[in-house]
Chemist: 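Before anything else, here's the structure in question.
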Amino acid sequence: MIDVRLLRHDPESVRVALARRGKPELLQQLDAAIALDEQLRQITSERDGIRARVNELSKQVGQARRDGDNAAAELLQAESRTLGDGEKNLAERFDAVQAQLREIMLRLPNTPSAEAPDGASDHDNPVIKGPEQMPASFPDHRRVAHWDIAAELGVLDNERAVKLSGAMFTMQRGPGAQLSRALCQYALDKNADAFEEIRPPSLVTTATLTATGQLPKFAEDAYAIERDDLWCIPTAEAPLTSMYAGEILDESQLPLRLMAYSPCYRREAGSAGRDTRGMLRSHEFDKVEIFALSTPEQAPSTLIELRDRAEALIGGLGLPYRIIEICTGDMGQSHHRSFDIEVYAPGCDTWLEVSSVSWFSDYQGRRADIRYRRAGEKGTHIANTLNGSALAVPRVWAAIMENFREPDGSVIVPEVLRPYMRGLDRISPKG
RNA sequence: GGAACGGUGGCAGAGCGGACAAAUGCAGCCGCCUUGAAAGCGGCCGGCUCACAAGGCCCGGGGGUUCGAAUCCCUCCCGUUCCGCCA
């Protein structure tokens, strides 16, 4: 959520920043919010005045009763009762206006960072590291799509996954299942030097999913368990961000680094039928997320740290990759600044987004009410949140199949993963 | 799922219609004392809104009763213990 006070004191800066997202309707919503806030403040001051008077009268009633002056008490009570009716009226208007304002604010996206590049869509995302174009120099035996490779090796059984769960579910088996698990272990172990490992719940409350920004706007994209008012997490970002919701941390605890493996659930409401082959897009997948809470001052360098760590994992596997920065027109709802890491998959002949690393400024922190206190200071400040996929399993899995295929059809297991695969160094066709 | 008891400030824990933002203890901060520290003494010591004013709001959430609610009523949520079920 954007700071309402900023809206009040410097609406122009918010307007200019939001305009960079290139969606004119956002500016209309912004104006509506500003107007509602103004209304709210007026109602508040009026209502508080009445309340002050009622409080004062009530004290006098108590005093009169103690003094035994019942006649005076009756009079004061009558006056207070009348005021109370007016207050009730104002309180109702307050609630109504506040609800409207909140609804708009919850759906208004974050302002982009000054460093974020301008652009209208994903076509404008600059490549900041690695090749602009897809590499051409791949031998024919690596120009095979991973679903064909996997079928040959018997490591992917999506037909049976569909039998169990319907379209867009995957099932790995044998060395394929091992590979998924190995990737998670690898990602966790490589970040254990600085990140506390968490095993969070995969089902969370509405409040938890609202804090990170998935709700209320993107309810269609998440799996809901309505009977129990719970949601399946689309990413471990959700539970990790809300771990310290409602708490006040000490500045000395920041930056606070957490990581978690979790399954991720996505309805993919808008993309049914797209990229559905093999492991490219599915309703459930595994991911290791890295996360940090920080002060605004620490955030820019923490963002780079997270990005470097995500890059190191992909680099460590030996996969060809590039890093792009997300432009203002393509940026997610909660994002302030964001990078993607893409791996080249020669079989599919495409770049696959395997990691996304983002800084959310105080947008999520305010929604989750995560605050910190500076040493020697009285007040509190909203914490900044940052997170990144350390490693999203399915697409990396696919890229490994396609990049490390040998002429004989077998797939070489990256060296760093072998300890997690019971020493297996090569996945060969059965029989 | 059933029963009982609970949910108050960083923690522990009183208060159970009026002078309560809320005793007390611990922790924390400042000062005195001390070569330094401990002890002792004095003071401070929750959050939000707001102009770190006034005023207002917050005693799990929401609603109600009342001139007035931490305190009474309703409801929901959460916790503990026992029973049931269960990996």
Side-chain angles (χ1 to χ4, degrees), chain A residues 1-11 33-34 36-99 101-103 105-106 199-211 215 225-231 239 242-254 256 263 293 362 365-383:
Chain A
M1 215 150 41
I2 296 172
D3 189 354
V4 195
R5 278 172 295 191
L6 191 60
L7 235 68
R8 214 126 78 196
H9 301 308
D10 191 6
I34 291 169
L36 284 168
D37 177 57
E38 206 162 305
Q39 245 186 80
L40 197 65
R41 275 150 59 210
Q42 197 181 332
I43 297 169
T44 304
S45 86
E46 210 175 320
R47 186 200 59 185
D48 288 356
I50 294 178
R51 279 186 181 168
R53 182 69 187 141
V54 168
N55 288 343
E56 177 58 33
L57 285 170
S58 294
K59 272 182 192 156
Q60 290 174 17
V61 171
Q63 189 58 51
R65 292 272 186 226
R66 277 190 294 278
D67 295 345
D69 188 350
N70 284 329
E74 299 282 342
L75 266 166
L76 292 164
Q77 279 181 33
E79 184 183 350
S80 181
R81 225 186 326 255
T82 314
L83 285 170
D85 292 340
E87 194 254 316
K88 206 170 172 180
N89 218 316
L90 282 169
E92 273 166 24
R93 277 177 56 204
F94 178 91
D95 288 348
V97 173
Q98 191 185 44
L101 178 60
R102 184 180 154 77
E103 188 61 25
M105 291 307 285
L106 280 178
R199 202 314 180 177
S202 313
L203 304 182
V204 299
T205 62
T206 299
T208 299
L209 223 51
T210 303
L215 296 178
I225 300 166
E226 287 178 33
R227 186 164 65 171
D228 297 301
D229 191 25
L230 290 168
W231 301 80
S242 284
M243 262 179 72
Y244 290 95
E247 299 189 28
I248 301 174
L249 299 159
D250 205 277
E251 186 183 16
S252 64
Q253 294 172 262
L254 305 176
L256 192 151
L293 281 175
D362 58 6
R366 180 167 296 105
R367 285 167 165 247
D369 188 26
I370 307 166
R371 289 172 289 167
Y372 69 95
R373 202 191 308 272
R374 295 208 162 105
E377 269 187 31
K378 200 166 152 49
T380 57
H381 304 271
I382 304 283

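Every chain is numbered from 1, with letters handed out A, B, ... down the list of sequences.
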Chemist: On RNA chain B, nearest-nucleotide positions of A:L76 versus A:H381: which is more 5'?
Modeler: A:H381
Chemist: Mind calculating the distance between CG (A:D67) and P (B:A19) to the nearest angstrom?
Modeler: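 That distance rounds to 15 Å.
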Chemist: Any chance the side chains of A:E38 and A:Q42 put a donor and an acceptor closer than 3.5 Å?
Modeler: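 Short answer, no.
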Chemist: For the C1' atoms, the ones on B:C86 and on B:U49, what distance do you get once it is rounded to whole angstrom?
Modeler: 49 Å
Chemist: Is the phosphate of B:G68, meaning OP1 or OP2, less than 4.0 Å from a side-chain N or O of A:S80?
Modeler: no
Chemist: Would you mind building the protein contact string for nucleotides 53-59 of chain B? One character per nucleotide, 5' to 3', B for base within reach (heavy atoms under 4.0 Å), S for sugar-phosphate only, - for untouched.
Modeler: --BSS--
Chemist: The side chain of A:T380 is closest to which nucleotide in this list: B:C48, B:A19, B:G68?
Modeler: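 Nucleotide nearest to A:T380's side chain: B:C48.
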Chemist: Where do A:M105 and A:V4 come nearest, in terms of heavy atoms and distance?
Modeler: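 A:M105 and A:V4 have their closest heavy atoms at CE-CG2, 4.4 Å.
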Chemist: Respond yes when some side-chain nitrogen or oxygen of A:R373 is under 4.0 Å from OP1 or OP2 of B:G47, and no when none is.
Modeler: yes
Chemist: Between B:U66 and B:C48, how far apart are the P atoms? Round to whole Å, please.
Modeler: 34 Å
Chemist: Considering every strand and a 4.0 Å limit on heavy-atom distances, what is the contact class for A:R371: base, sugar-phosphate, or nothing?
Modeler: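 Sugar-phosphate: the residue A:R371, judged by heavy atoms under 4.0 Å, touches backbone atoms but no base.
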Chemist: For the pair made of NZ in A:K59 and C1' in B:U66, what is the distance, rounded to whole Å?
Modeler: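 Interatomic distance, NZ of A:K59 to C1' of B:U66: 17 Å.
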Chemist: Write down the partner of B:C67 under the Watson-Crick or G-U wobble criteria, each distance required to be under 3.5 Å.
Modeler: B:G18
Chemist: Take atom CG of A:D69 and atom P of B:C67, then tell me their distance rounded to the nearest Å.
Modeler: 18 Å
Chemist: What interatomic distance, in whole Å, is found between P of B:C45 and the corresponding atom of B:G7?
Modeler: 27 Å
Chemist: Could you work out the separation of B:G17 and B:G6 based on their P atoms and round it to a whole Å?
Modeler: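 B:G17 and B:G6 have their P atoms separated by 16 Å.
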Chemist: Rounding to the closest angstrom, what is the interatomic distance between B:A87 and B:C77 at atom P?
Modeler: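 That atom pair is separated by 27 Å.
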Chemist: To the nearest 0.5 Å, how far apart are CG in A:L40 and CG in A:D95?
Modeler: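 It comes to 9.5 Å.
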Chemist: Apply side chain to side chain contact (heavy atoms under 4.5 Å, CB included) to A:L230 and A:T205, showing your working.
Modeler: CA-CA 5 Å; A:L230 290 168; A:T205 62; 4.3 Å; yes
Chemist: With distance as the sole test, does A:R367 use its side chain to make a donor-acceptor pair with the main-chain N or O of A:T210 at under 3.5 Å?
Modeler: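 Confirmed, A:R367 side chain pairs with A:T210 backbone.
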Chemist: In whole Å, measure the gap between the C1' atoms of B:U8 and B:G60 for me.
Modeler: 10 Å
Chemist: Any salt bridge between A:D85 and A:R81, counting N to O under 4.0 Å?
Modeler: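 Answer for the salt bridge query: no.
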Chemist: Tell me the partner of B:G1, counting only Watson-Crick (N1-N3 plus N6-O4 or O6-N4) or G-U wobble (N1-O2 and O6-N3) with both under 3.5 Å; none if nothing fits.
Modeler: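 B:G1 is paired, partner B:C83.
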Chemist: Locate the shortest heavy-atom distance separating A:L83 from A:I50; write the atom from each residue and the value.
Modeler: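 Reported closest heavy-atom pair: O-CG2, 3.6 Å.
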Chemist: Return the CD to OG1 distance between A:E247 and A:T380, rounded to the nearest 0.5 Å.
Modeler: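 One finds 13.5 Å between CD of A:E247 and OG1 of A:T380.
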Chemist: Using purine N1 to pyrimidine N3 plus N6-O4 or O6-N4 for Watson-Crick, or N1-O2 and O6-N3 for G-U wobble, both under 3.5 Å, which nucleotide pairs with B:G40?
Modeler: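 WC or wobble partner is B:C32.
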Chemist: Should A:R5 be listed as having a side-chain N or O under 4.0 Å from OP1 or OP2 of B:U49?
Modeler: yes
Chemist: Which value, in whole Å, describes the distance between the C1' atoms of nucleotides B:A21 and B:U34?
Modeler: 37 Å
Chemist: Pick the C1' atom in B:G13 and in B:C83, then give their distance to the nearest Å.
Modeler: 31 Å
